[in-house]
Each structure stands twice: as C-alpha cells, then as structure tokens.
Amino acid sequence: MASSPDHNHNHNHTLNGDSNTHASKKPKLSFITPSEIAAEFSHHDPTVARINNGSFGSCPDSVLQAQRRWQLKYLSQPDHFYFNHLQTGILHSRTLIKDLINADHVDEVSIVDNATTAAAIVLQQAAWGFSESKFEQGDAVVMLHYAYGAVKKLIEAYVTGAGGHVIEVPLPFPLNSNDEIVTEFKKALEKGKANDRRVSYGNGLAIESAWIGTRDYSPQLVVPAVLDFVNRFEGGIEGIRKRNHETVVEMGQMLAER
C-alpha cells in the first residue's frame with residue numbers, strides 16, 4: 001500500500017533525527033589559555049624575561065605541585081616509599097621518556113640531574129674500562145668541539161687520566177648539509193682506530209644512575225606531570241618547539257634591525 005505524503009514526511013523526519021542523534025561528534029580541543037600560562041608561572045619575577053631555560057628551567061606550578069606531592073609521600077613513610085613506590089615511579093617516567101625520544105628500549109633511558117652528571121657517569125664507565133683492560137692504553141674517545149665546556153673537561157680528566165686519547169671533531173660553521181657532520185665524524189673515527197686503537201663505548205647508564213643513595217627523587221618522578229603540562233599546548237612538544245623557533249627568528253630579525 002502506498003504511503004501518504006504526511007507519513008513519508010514524518011518517517012524522513014524521524015530518520016534525520018536519529019541520524020543527528022547518533023552522529024559522532026569530534027570533541028572540541030581545549031588548549032591552555034594565556035591567563036592559565038600566566039598563573040602557571042606566577043611565581044616568576046614578572047619584570048624579567050626568562051630566556052636561559054637551558055640552565056635553570058622554567059617550572060610550571062602544576063609540576064611543582066606534583067613534585068610536592070611526591071615529597072610528602074616520601075616524608076610520610078620513607079622506607080615504604082623507597083621499597084614500594086620509588087622504582088615503580090621512576091620506571092614509569094623512563095617509559096614515558098622512551099616513547100618521547102623514540103628509544104628502542106626503556107633500558108636505554110636514564111634520568112639524571114643534568115648533562116654534566118650524565119657525562120660523568122658515562123666517563124666513569126670508560127675509566128673503569130681502561131682499569132679493567134677492556135680498553136688499551138691509547139684507545140680513543142671522540143667528542144665534538146661544540147661540546148659543553150664542563151663536559152669537555154670531564155672527558156679530558158677521565159679519559160686522559162686513565163690512559164686514553166681524546167679526539168676532538170671540528171665542525172664547519174655554518175653547516176651546509178648533514179653529510180658534513182657525518183664526514184667529519186668518519187674522519188675522527190678513522191683517526192681513532194689508527195694503529196689498531198679502539199674508540200670508548202659503554203653501557204649500564206640506567207642502572208648506574210637509578211639509585212644514588214638517600215636524596216629527593218621527586219624530579220625524576222614528575223615526568224608524567226611535565227608531559228601533561230606540555231600536552232596542554234596546541235601541538236604538544238612539537239608545537240612548542242615550532243612556536244619557540246618562530247619567536248627566536250622574529251627576535252633575531254628585530255635585533256638585526258636595531
């Protein structure tokens with residue numbers, strides 16, 4: 001039996017209504033606002049532009065609060081914290097970092113206080129290698145001449161003191177291609193391997209730095225809170241890098257014009 005016009009109209013209306021009801025709606029993305037950023041860094045001196053973040057950092061309030069929670073957790077029962085929470089928390093932080101830096105395995109990730117500490121751990125392994133005859137007198141360590149000053153001094157102290165040889169890789173400036181970096185490294189490696197010498201590679205960094213006695217481990221445990229904060233920005237860490245780069249270029253142009 002043919003349907004009446006009114007029936008068809010009502011039927012279509014119902015279908016359209018159901019379609020709209022069940023249609024998947026994309027959640028509206030909500031990123032951190034300028035006022036929220038200001039609140040996160042309200043503990044900073046508002047009259048100073050902080051640009052030396054590589055040395056001293058700019059820690060947001062939400063991360064400081066997370067750090068304080070870990071500190072209080074430790075203070076409430078230190079033994080329970082050390083034996084039942086610390087290693088699990090550090091492993092979680094290392095796992096998040098592994099994914100962030102595309103490491104193959106979590107054992108390749110170690111959290112330390114700063115780059116100088118990390119270099120000292122690696123170089124201590126190298127020094128032990130000489131004393132344990134894993135390396136021969138005169139074996140080489142290769143480093144960039146752009147290396148951080150304190151790290152270069154550590155390399156000289158540990159390696160030379162243990163009987164090793166340091167080879168510094170010069171890089172041209174400005175660089176025209178990645179191949180230039182590879183080429184200079186190849187030259188240094190060939191120089192280091194001359195006369196049957198070997199070039200210094202070790203492992204065990206994660207194990208060496210995971211436990212260094214009684215101390216405040218909260219900075220290693222707040223990595224999840226740090227990533228939560230970073231992901232509040234559009235594009236996450238890559239978005240932050242892009243905007244920072246654009247701002248640096250803009251400031252450079254302003255400086256050149258002045």
Side-chain angles (χ1 to χ4, degrees), residues 53-60 63-64 66-71 73-74 78-79 81-132 134-135 139-144 146-159 161-162 164 166 169 185 189 198-231 236-238 240-241:
N53 298 330
S55 294
F56 304 107
S58 288
C59 195
V63 175
L64 291 174
Q67 180 182 22
R68 184 58 177 160
R69 288 193 294 270
W70 277 112
Q71 290 170 334
K73 193 179 188 70
Y74 156 66
D79 289 307
F81 174 83
Y82 276 119
F83 290 110
N84 299 302
H85 293 291
L86 179 60
Q87 293 304 320
T88 301
I90 291 178
L91 178 60
H92 180 47
S93 292
R94 289 169 57 208
T95 302
L96 292 176
I97 293 172
K98 178 190 81 70
D99 297 336
L100 186 66
I101 65 175
N102 296 320
D104 292 328
H105 196 275
V106 70
D107 286 345
E108 298 178 353
V109 179
S110 179
I111 308 173
V112 293
D113 290 342
N114 50 45
T116 307
T117 302
I121 294 170
V122 173
L123 291 167
Q124 188 178 53
Q125 289 275 354
W128 284 340
F130 281 99
S131 64
E132 296 170 354
K134 293 179 181 177
F135 305 118
D139 279 353
V141 167
V142 175
M143 70 176 179
L144 286 171
Y146 284 133
Y148 184 56
V151 173
K152 291 174 76 171
K153 290 178 181 177
L154 280 171
I155 292 174
E156 292 286 353
Y158 276 98
V159 175
V166 178
V169 181
F185 256 101
L189 292 173
R198 290 176 296 174
V199 179
S200 168
Y201 174 78
N203 53 35
L205 178 61
I207 296 172
E208 289 290 331
S209 59
W211 174 259
I212 51 176
T214 303
R215 58 161 290 182
D216 179 9
Y217 287 92
S218 60
Q220 299 191 26
L221 297 165
V222 295
V223 171
V226 172
L227 293 182
D228 285 344
F229 174 76
V230 166
N231 289 329
I237 194 166
E238 291 302 324
I240 292 173
R241 285 173 178 162

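- The minimum heavy-atom distance linking Leu64 with Cys59 is given by the pair CD2-SG, 3.6 Å.
- With sequence neighbours excluded, the residues that form a side-chain hydrogen bond (donor to acceptor under 3.5 Å, both in side chains) with Lys152 are Glu168.
- The salt bridge (charged side-chain N to carboxylate O under 4.0 Å, His left out) test applied to Glu238 returns Arg241, not counting sequence neighbours.
- Considering all non-hydrogen atoms of both residues, Met143 and Ile155 come closest at SD-CD1, 3.5 Å.
- Asp139 contributes atom CG, which lies 13.5 Å from atom NZ of Lys134 (distance to the nearest 0.5 angstrom).
- Contact detail for Ala120 and Leu154: the closest heavy-atom pair is N-CD1, 4.1 Å.
- When all heavy atoms are compared, the tightest approach of Gln220 to Ile90 is OE1-CD1, 3.5 Å.
- The shortest non-hydrogen separation linking Ala225 to Ala66 is CB-CB, 3.6 Å.
- Remark: of the listed residues Leu227, Asp228, Val230, Val226, Val226 is the sole one forming a side chain to side chain contact (heavy atoms under 4.5 Å, CB included) with Val63.
- In this structure, the separation between CD1 on Ile101 and CG on Leu96 is 11.5 Å, given to the nearest 0.5 Å.
- Looking at heavy atoms from C-beta onward, Pro219 lies in side-chain contact with Gln67 at the 4.5 angstrom threshold.
- Ring geometry for Phe135 against Phe130 counts as tilted: the plane angle lies between 30° and 60°, on a 0 to 90° scale.
- Atom NE2 in His92 sits 14.5 Å away from atom NE2 in His85 (nearest 0.5 Å).
- Separation of atoms CG (Leu86) and NZ (Lys73) is listed at 11.5 Å; rounding is to 0.5 Å.
- For the ring-ring contact (aromatic ring centres under 6.0 Å, His included) with Tyr74, the qualifying choice from Phe83, Tyr217, Tyr82 is Tyr82, the only one to do so.
- For the residue pair Trp70 and Leu221, the shortest heavy atom distance occurs at NE1-O, 3.2 Å.
- The CG atom of Leu91 sits 9.0 Å away from atom CG of Asp107, with the distance rounded to the nearest 0.5 Å.
- Here the CD1 atom belonging to Ile111 is positioned 13.5 Å from the OG1 atom belonging to Thr117, to the nearest 0.5 angstrom.
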